[in-house]
Trainee: 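Please see the structure below; I have some questions.
Every value quoted in this text rests on a predicted model; they were computed, and no experiment measured them.
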Amino acid sequence: MDLTLLELLEREPDQYVSGEAISRALQVSRTAVWKQIRKLEERGYVIEASRKLGYKLLSKPDHLSLDKLTELLSTSRFGRTIRLLDEVDSTQNEAQRWAEEGAPEGALVIAERQNSGRGRMGRGWVSPYTKGIWMSLIMRPSTPIHFAPQLTLLTAVALCRSLRRTTELDIGIKWPNDLLIDGRKISGILLESAAEEERIKYVVAGTGISVNLDVSDYPQELLERATSLSIQAGRKFSREAVIADFMLEWEQLYDLYLKEGFGTIQMLWEALSVMLHQIVTVQTPQGDLTGRAVGLHESGALKLELSSGEVKLVFSGEMGQPKPAQS
């Protein structure tokens, strides 16, 4: 029925089609028509409803184009093998299965929507249809497993640098890998790895980027903590261009990391940080820690200077909003 309903709406561009006319043409009840309208809206169609006039199709979902993305890519490995899917539970799950099957380094899973997208700490992720970038990349670095946290920070640096260039927005990183604009989150990163004899077998790096989401796409309780590139910039962005630029920056930094180590990535991360030299509280498995964030350790851990003067290394945790340090 979706296709037939779409045909009816598309026959009258910029015109209302009455619910009675649709009901009669499809030979279904007005309630069934309304349910199908809701399904189309969930698939990214914008439809205006009027109790007196009926329904009018305002816009269609902007699907990702694999041809356009391939044309824009200038990488040698990252994104050169792609699975573009319409709807999945999680791109992480898809990429992990693909990695176990032998997918090459740089293989990329992209979905138009995730039903069970997940972030750090097992949190859900808002992934509306055709509005953002929901993807997972497979990496196969020949490094010890304890270097995996460095790859998380590398991914954050690559994404932040590419988005700043593409959007011209003032985007920064909150430890370890949240990307923020004016304190509100626009991207989440989740790396999950598999090891073999203490070495990394593969890493699946999941990235969710809120590109063209509207205010109406967010639950009310998230609006103070989350935003999108389009909300902040006041315009829409080509998701293919965002992905292509990210892939190039990511591959270049990854190759630099494999060749020269973590030093350059560490300096870039610190330059993009929104919380260095500020007082922060980090929730860790051992309890809350409050202190001044003074930098990154070469392991990727956060260096936190406590009020006693002791510098503590924090390897994992959840950071609250930073507060300016008292001089």
Trainee: More than 12 non-hydrogen atoms from neighbouring residues, nucleotides or ligands closer than 6.0 Å to CD on E41, yes or no?
Mentor: yes
Trainee: Take the angle between the ring planes of F78 and Y254 and call it parallel below 30°, perpendicular above 60°, tilted in between.
Mentor: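 F78 vs Y254 ring planes: tilted.
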Trainee: For K56, does the NZ atom sit with more than 12 other heavy atoms under 6.0 Å from it, leaving out its own atoms?
Mentor: yes
Trainee: Would you say the side-chain atoms of E112 pair up with the backbone N or O of L64, donor to acceptor, closer than 3.5 Å?
Mentor: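 Indeed, once roles are kept as given, a pair shorter than 3.5 Å links the two residues.
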Trainee: Checking side chain to side chain donor-acceptor pair (under 3.5 Å) against Y129, which of E87, R113, Q114, H63 comes through?
Mentor: H63
Trainee: Please check if the side chain of R80 supplies one atom and the backbone of T75 the other of a donor-acceptor pair under 3.5 Å.
Mentor: yes
Trainee: Any link between I265 and L258 through a network of hydrophobic side chains (Ile, Leu, Val, Met, Phe, Trp, Tyr) touching at under 4.5 Å?
Mentor: yes
Trainee: So, does R225 use its side chain to make a donor-acceptor pair with the main chain of K185 at under 3.5 Å?
Mentor: no
Trainee: In terms of side-chain geometry, is the basic nitrogen of D245 or R164 positioned less than 4.0 Å from the acidic oxygen of its partner?
Mentor: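 So D245 does not pair with R164 through a salt bridge.
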Trainee: For the residue pair S29 / T31, report whether a side-chain donor-acceptor contact shorter than 3.5 Å exists.
Mentor: no
Trainee: Does CD belonging to E168 count more than 12 external heavy atoms closer than 6.0 Å?
Mentor: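 Not more than 12 within 6.0 Å, no.
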Trainee: Taking the side chain from D255 and the backbone from Q252, do they hold a donor-acceptor pair closer than 3.5 Å?
Mentor: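 No; judged by distance alone, with no hydrogens or angles, the pair does not exist.
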Trainee: At what distance, to the nearest 0.5 angstrom, does CG of D178 lie from CD1 of I173?
Mentor: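 If I round to the nearest 0.5 Å, the distance is 10.0 Å.
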Trainee: Looking only at the side chains, is there a donor atom on one of Y202 and E100 sitting less than 3.5 Å from an acceptor on the other?
Mentor: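 Indeed, the side chains of Y202 and E100 share at least one donor-acceptor pair under 3.5 Å.
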Trainee: Can L84 be reached from L73 by stepping across I, L, V, M, F, W or Y side chains whose heavy atoms are under 4.5 Å apart?
Mentor: yes
Trainee: Might you confirm whether atom CD of E101 has over 12 heavy atoms from other residues, nucleotides or ligands at distances under 6.0 Å?
Mentor: yes
